[in-house]
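Have a look at the structure below, then the notes.
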Amino acid sequence: ELYSIRKELHRLEQQNQQYVVALKRLNEELNENIEMVAVDQASVRTRRLAERLAIVDTPVLLSGEAGVGKEKTARFIHDHSRRESAPFMRIDFSVIPGNDAARYLFGYQDTEKDEYHMGILESADGGTVYLDEIAEMPAAVKGPFLALVREGACVLGDGVLRKLDIRFMAGSKYSLE
């Protein structure tokens, strides 16, 4: 039995290494040549504001129609901030089923396999999380998420309260005022 456990552990370690390599490759592809180009006055003002926001470590809300560059602006701010070498994670609430959102964000404990599956928030610790279509965040995760934003800590899927250092930026096509 010990042999089969070691064999399975080895297989999982190899699989994990493959995932790490694939994630690094995808991250490099996503980060290639991402820079804001500002020509007209409104774009110049947006770029200057983004440069100033990169200096301060505060949450940012970006609103505008689809396709105006909210995510690129968030990435620009991240790439010019002290968090530039840390992860930049995007969560699109328009595509996450409501019943899976908590597991996806905070992780979960698989009791059958006695395994903990890390959520995206924990994996973004030290970096930036861009919340796309924040207006569509499921009600079930609003409370725990708000606690994380306010307190810097939350109970993750394994039931443990953890402090997380994450800068949040959010985007919405709707006015959230």
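The first residue of the sequence shown is numbered 1, and numbering continues consecutively from there. Hydrogens, waters and symmetry mates are skipped; everything else that's a heavy atom, side chains included, is used.
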What residues, two or more places apart in sequence or in another chain, satisfy side chain to side chain contact (heavy atoms under 4.5 Å, CB included) together with S63? none

Using 0.5 Å steps for rounding, measure from the CG atom of L121 to the CD1 atom of I91. 5.0 Å

Non-neighbouring partners of Y108 that pass ring pair (Phe, Tyr, Trp, His ring centres under 6.0 Å), sequence neighbours left out: H117

List in chain and number order the residues that pass salt bridge (Lys or Arg N to Asp or Glu O under 4.0 Å) with E112, two or more places apart in sequence or in another chain; answer none if no residue qualifies. none

Report the residues that fulfil side chain to side chain contact (heavy atoms under 4.5 Å, CB included) with E84, sequence neighbours left out, ordered by chain and then residue number. none

Can we say R11 and E8 salt-bridge, meaning some charged N sits less than 4.0 Å from an Asp/Glu carboxylate O? yes

If the condition is side chain to side chain contact (heavy atoms under 4.5 Å, CB included), which residues does K163 pass it with, not counting sequence neighbours? A153

What about L156 and M118, same hydrophobic cluster or not, with Ile/Leu/Val/Met/Phe/Trp/Tyr joined at side-chain heavy-atom distances under 4.5 Å? yes

Using the test salt bridge (Lys or Arg N to Asp or Glu O under 4.0 Å), find all partners of E151 that sit at least two apart in sequence or belong to another chain. none

Distance-minimising heavy-atom pair for S123 and M89: OG-CE, 3.2 Å

Shortest non-hydrogen contact between F76 and A50, atoms and distance: CD2-CB, 3.7 Å

Distance-minimising heavy-atom pair for T58 and R167: O-NE, 2.9 Å

Taking only residues two or more places apart in sequence or in another chain, which ones pass salt bridge (Lys or Arg N to Asp or Glu O under 4.0 Å) with R162? E122, D158

L161: which other cluster members, linking ILVMFWY side chains closer than 4.5 Å, directly or transitively? V155

Taking D125's backbone N and O only, do any of them form a donor-acceptor pair with D165's side chain (distance below 3.5 Å, no angle check)? no

From I166 atom CD1 to I120 atom CD1, the distance as rounded to the nearest 0.5 Å: 9.5 Å

Going from CD1 on I96 to CG on L105, what distance comes out if it is rounded to the nearest 0.5 angstrom? 6.0 Å

dist I77:CD1 -> F88:CZ (nearest 0.5 Å) comes out at 9.0 Å

Only pairs under 3.5 Å count here: list side-chain donor-acceptor contacts from residues 127-149, not counting sequence neighbours, and write none if there are none.
from	atom 1	to	atom 2	distance (Å)
T128	OG1	H78	ND1	2.7
D132	OD2	R90	NH2	2.9

My understanding is that only residues two or more places apart in sequence, or in another chain, count here; which of them pass side chain to side chain contact (heavy atoms under 4.5 Å, CB included) with I5? E1

Are V68 and L61 co-members of a hydrophobic cluster defined by side-chain heavy atoms under 4.5 Å apart? no

Could you state the interatomic distance from NE2 (H80) to CZ (R75), rounded to the nearest 0.5 Å? 12.5 Å

Flag if over 12 foreign heavy atoms under 6.0 Å of CD, E115: yes

Who are the salt bridge (Lys or Arg N to Asp or Glu O under 4.0 Å) partners of R150, not counting sequence neighbours? none

For T73 and M169: C-alpha separation, side-chain torsions, deciding distance, then whether side-chain contact (heavy atoms from CB on, under 4.5 Å) applies. CA-CA 10 Å; T73 301; M169 289 190 250; over 6 Å; no

N/O donor-acceptor pairs under 3.5 Å from side chains in residues 12-21, not counting sequence neighbours:
from	atom 1	to	atom 2	distance (Å)
Q14	NE2	H10	NE2	3.1
Q15	NE2	Y19	OH	3.0

